[in-house]
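First the structure, in the form of structure tokens, and then the observations on it.
Just so it is clear: chains get the letters A, B, ... in the order the sequence lines come, proteins before strands, and each one is counted from 1. Quick note: numbers below take in every heavy atom, side chains included, and nothing from hydrogens, waters or symmetry partners.
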There are 2 protein chains.
Amino acid sequence: NMRAVSGIASDENQARIAITGVPDQPGVAAKIFGTLANRNISVDMIIQSLNKQEINDVAFTVSSNDLNDALEALEKVKSEIQADAILHDTSVAKVSIVGIGMIDRPGIAADMFSALSEGQINIKMIATSEIKISCLIEKAQAKQAVQTIHNVFFPEACGATLVTD
Amino acid sequence: NMRAVSGIASDENQARIAITGVPDQPGVAAKIFGTLANRNISVDMIIQSLNKQEINDVAFTVSSNDLNDALEALEKVKSEIQADAILHDTSVAKVSIVGIGMIDRPGIAADMFSALSEGQINIKMIATSEIKISCLIEKAQAKQAVQTIHNVFFPEACGATLVTD
Ligand SMILES: C[C@@H](O)[C@H](N)C(=O)O
Ligand SMILES: C[C@@H](O)[C@H](N)C(=O)O
């Protein structure tokens, strides 16, 4: 399991935006992200889970530097997309494990989530791909998160650094 | 914009599972995915968006062949993780665009979402990474989805195939 993971990354310069209560209909996602693209705002994680009664939330992260521009742009289309609210959270960090073919390795995501759980670190959002498993967590816990994940996936490295004369 | 995308993929052999109403606390995600890993069930997209009042939903996809095993395993831990429900949907397909460095290209995701919207195809779930933007849609619309996305990102190819004698 451990060898599939080649690295751990942490990004504390992200802000999370969530557009809540939008109609779950064609065109909504296009409007949201088209609006951001028109302002040349790059979006990192886009996460949309299942709807409830034809209503959904669309969450995503942007660079902290782009947060104000993004919010301003989205406010302009808020009524058009019939959103209940546009929420944001700057107190987040994205912690990821990177590897090859992780999807075919059941247990890698579970091990990452266990590592965070061991550190009492709550997982706010999750997005995965074959080469990257990312969790959004509390920014203040980012360094601890990297450490606990490192202990799980690179235990021999930790053993070496503990040797003192 | 168009050149960043190297391909379009469609997978009609996935089933979506959603575990709803779980406490948004450390250990929950680890329990869910540890349970699946113990049965050697591979998980594809894991999507968890923001919580509401300390409660969250965790959605993910598995291969259709693994659906029954996955549901059986999750039922056993349902009360331990205090889930309201374990839902599933087999009528889904995952449609993705694949490329390099797509996160730094605002507008690629928007173009994909627009393509689907043009085809009146509702986007049920979204998960993204730098090299892959994936949408879960209605299975019956998978082929149409690939076609509309292809028209947007590879227009010259479509032009060629429309020539008839
Ligand atoms: C919510 C949003 O993703 C909507 N379902 C759409 O297709 O655009
Ligand atoms: C909901 C689940 O992701 C929870 N927040 C956890 O950390 O495990």
Min side-chain heavy-atom separation B:V43-B:I46 under 4.5 Å: yes
Which atoms of A:E130 approach chain B - backbone, side chain, both or neither, heavy atom under 4.5 Å: side chain
Check: A:Q48 side chain, B:I123 main-chain N or O, donor-acceptor pair, under 3.5 Å: yes
Contacts of residues 9-21 of chain B with chain A (heavy atom under 4.5 Å): B:R16, B:A18
Residue among B:Q25, B:M112, B:E118 with most heavy-atom pairs under 4.5 Å to chain A: B:Q25
B:M102 and B:I131, any side-chain heavy atoms less than 4.5 Å apart: no
Audit row: A:N151, A:I149, side chain to side chain contact (heavy atoms under 4.5 Å, CB included) steps and yes/no: CA-CA 5 Å; A:N151 294 353; A:I149 293 168; over 6 Å; no
Residues from residues 60-79 of chain B approaching chain A under 4.5 Å (heavy atoms): none
Nearest heavy atoms of B:N56 and B:S49, plus distance in Å: ND2-O, 3.0 Å
Heavy-atom pairs under 4.5 Å with chain A, option from B:N51, B:L87, B:D57 with the top count: B:D57
Residue-level interface, residues 26-40 of chain A with chain B, non-hydrogen cut-off under 4.5 Å: A:P26, A:G27, A:A29, A:A30, A:F33, A:G34, A:A37, A:N40
B:I100 atom CD1, over 12 foreign heavy atoms within 6.0 Å: no
Interface moiety of B:S129 toward chain A, non-hydrogen atoms closer than 4.5 Å: side chain
Validation row: B:D24, B:K52 side chains within 4.5 angstrom (heavy atoms): no
For chain B, the option from A:L116, A:I133, A:T128 that forms the most heavy-atom pairs under 4.5 Å: A:T128
Toward chain B, the part of A:I41 with a non-hydrogen atom under 4.5 Å: backbone
Side-chain donor-acceptor pairs of residues 89-97 of chain B under 3.5 Å, sequence neighbours excluded:
| unit_1 | atom_1 | unit_2 | atom_2 | d |
| --- | --- | --- | --- | --- |
| B:D89 | OD1 | B:S91 | N | 2.9 |
| B:D89 | OD2 | B:K124 | NZ | 3.3 |
| B:S91 | OG | B:E138 | OE2 | 2.2 |
| B:K94 | NZ | B:D44 | OD1 | 3.0 |
| B:K94 | NZ | B:D44 | OD2 | 2.6 |
| B:S96 | OG | B:S134 | OG | 2.7 |

Test item: A:I126 and B:I47 side chains (from C-beta on) under 4.5 Å apart, heavy atoms: no
Side chain, backbone, both or neither of B:I121 within contact of chain A (heavy atoms, under 4.5 Å): backbone
